[in-house]
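Report on one structure; see the data block that follows.
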Amino acid sequence: MKGLSNKMFELILGSMGLNFEDIKWAGPKNVHPHSQALLHLNSYPICPDPTRAMGLAPHTDSSLLTVLYQSYSGLQVLGEEGIGWVPVHPVNGALIINLGDLMHILSNGRFKSAIHRAVVNETHHRVSAAYFYGPPKEEKISPLIKLIDGDHPPLYRAVTWKEYLEARAAHFDKALESIKNKNA
Ligand SMILES: O=C(O)CCC(=O)C(=O)O
Ligand SMILES: [Fe+2]
């Protein structure tokens, strides 16, 4: 899981013309980043009336990225501008990659964290496993210096993963807003 997450992170950085050398804690190229991760196991029992229950309420993940396995359909992602909830169905042998708020901050908003939720169903006990991948505890995450210029000021102040989780506890879905630079 860690190897896959490192690779995904490297590819995402690459798409912005960057690599691990641009991230202090990630270390030089070809050396694995000193990341940390958390595993969440979710269980959603069969529900006789899914219209009256929510599996997991809408949220963004706080991680840099999340690798998600789901046993049965139920994950939904909120599309942009009136598209509404889009189901993400499981594909045999495939995992889902969700971008989290720390990636949103690190990329200075180029990569948006995805709002998603999980719904329950009448026929299947559903399980999912979410592997949250992020920086080491003490490392501050801020918009990467190479993505900042006169036209692109840093949108967010620097936070550790722990500090960001504290902002989430205090501000819920307004956490990203709460660490936004005033002049940005
Ligand atoms: O059960 C799912 O598909 C979603 C799980 C999830 O979003 C989470 O654990 O953060
Ligand atoms: Fe999530």
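Remember, predicted model here, so these are calculated numbers, not experimental data.
Residue pairs that meet the ring pair (Phe, Tyr, Trp, His ring centres under 6.0 Å) test with at least one member in residues 144-178, sequence neighbours left out, are H104-Y156. Note on residues 93-104: pairs passing salt bridge (charged side-chain N to carboxylate O under 4.0 Å, His left out), not counting sequence neighbours, are D101-R168. Here salt bridge (charged side-chain N to carboxylate O under 4.0 Å, His left out) pairs that include residues 53-64, with residues two or more places apart or in two chains, number zero. Within the structure, salt bridge (charged side-chain N to carboxylate O under 4.0 Å, His left out) contacts touching residues 149-165 (residues at least two apart or in different chains) are K140-E163, K162-E166.
Between the NE2 atom of H59 and the CG atom of D173 there is a distance of 12.0 Å, given to the nearest 0.5 Å. Rounding to the nearest 0.5 Å gives a distance of 12.0 Å between CZ of F132 and CG of L102. Going from atom OG of S142 over to atom CG of N108 covers 9.5 Å, rounded to the nearest 0.5 Å. For the atom pair L165 CG and S63 OG, the distance stands at 9.5 Å (nearest 0.5 Å). The distance from the CG atom of L176 to the OG1 atom of T60 is 6.5 Å, given to the nearest 0.5 Å. Here CG of N42 is found 11.0 Å from CD of Q70. Values are rounded to the nearest 0.5 Å.
Among residues two or more places apart in sequence or in another chain, the side chain to side chain donor-acceptor pair (under 3.5 Å) test is passed with N121 by T123. Partners of T51 according to the side chain to side chain contact (heavy atoms under 4.5 Å, CB included) rule, which considers only residues two or more places apart in sequence or in another chain, are D49. Residues passing the side chain to side chain contact (heavy atoms under 4.5 Å, CB included) test with I83, sequence neighbours excluded: V86. Every side chain to side chain donor-acceptor pair (under 3.5 Å) that K146 has, sequence neighbours left out, goes to D22. Taking Y69 as the reference, nothing meets the ring-ring contact (aromatic ring centres under 6.0 Å, His included) condition, with sequence neighbours excluded.
At least one side-chain heavy atom of L18 sits under 4.5 Å from a side-chain heavy atom of L147. P50 places a side-chain heavy atom less than 4.5 Å from the side chain of E122. Between S73 and P90, the closest side-chain pair of non-hydrogen atoms falls below 4.5 Å.
When all heavy atoms of I105 and V159 are compared, the closest pair comes out as CD1-CG2, 4.1 Å. Heavy-atom minimum distance, P45 versus S43: CD-O, 3.6 Å. K112 and L99 get closest at one heavy-atom pair: O-CB, 4.1 Å. Shortest non-hydrogen contact noted between H34 and P136 is O-CG, 2.6 Å. Residue L68 comes nearest to A130 through the heavy atom pair CD1-CB, 3.6 Å, listed as atom of the first residue, atom of the second, then distance.
Taking a 6.0 Å sphere around CD1 of I148, one finds it holds more than 12 heavy atoms contributed by other residues, nucleotides or ligands. Within 6.0 Å of the NE2 atom in H125, the count of heavy atoms belonging to other residues, nucleotides or ligands exceeds 12. Surrounding CG of L144 are more than 12 heavy atoms belonging to other residues, nucleotides or ligands, all under 6.0 Å away.
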Name each donor-acceptor pair under 3.5 Å that joins a side chain in residues 74-82 to protein atoms two or more places apart or in another chain, with its distance.
| residue | atom | partner | partner atom | Å |
| --- | --- | --- | --- | --- |
| Q76 | OE1 | R117 | NE | 2.8 |
| Q76 | OE1 | R117 | NH2 | 2.7 |

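Considering L65, L4, L38, L39 in turn, L39 is the only one that fulfils the side chain to side chain contact (heavy atoms under 4.5 Å, CB included) rule with Y131.
V119 shares a hydrophobic cluster with M54; the chain of contacts runs through ILVMFWY side chains whose heavy atoms sit under 4.5 Å apart. In the hydrophobic clustering (ILVMFWY side chains linked at under 4.5 Å, chained through shared members), V120 is joined by Y44, L56.
Using bins of under 30°, 30° to 60° and over 60° for the plane-to-plane angle, the ring pair Y72/H124 lands in the parallel bin.
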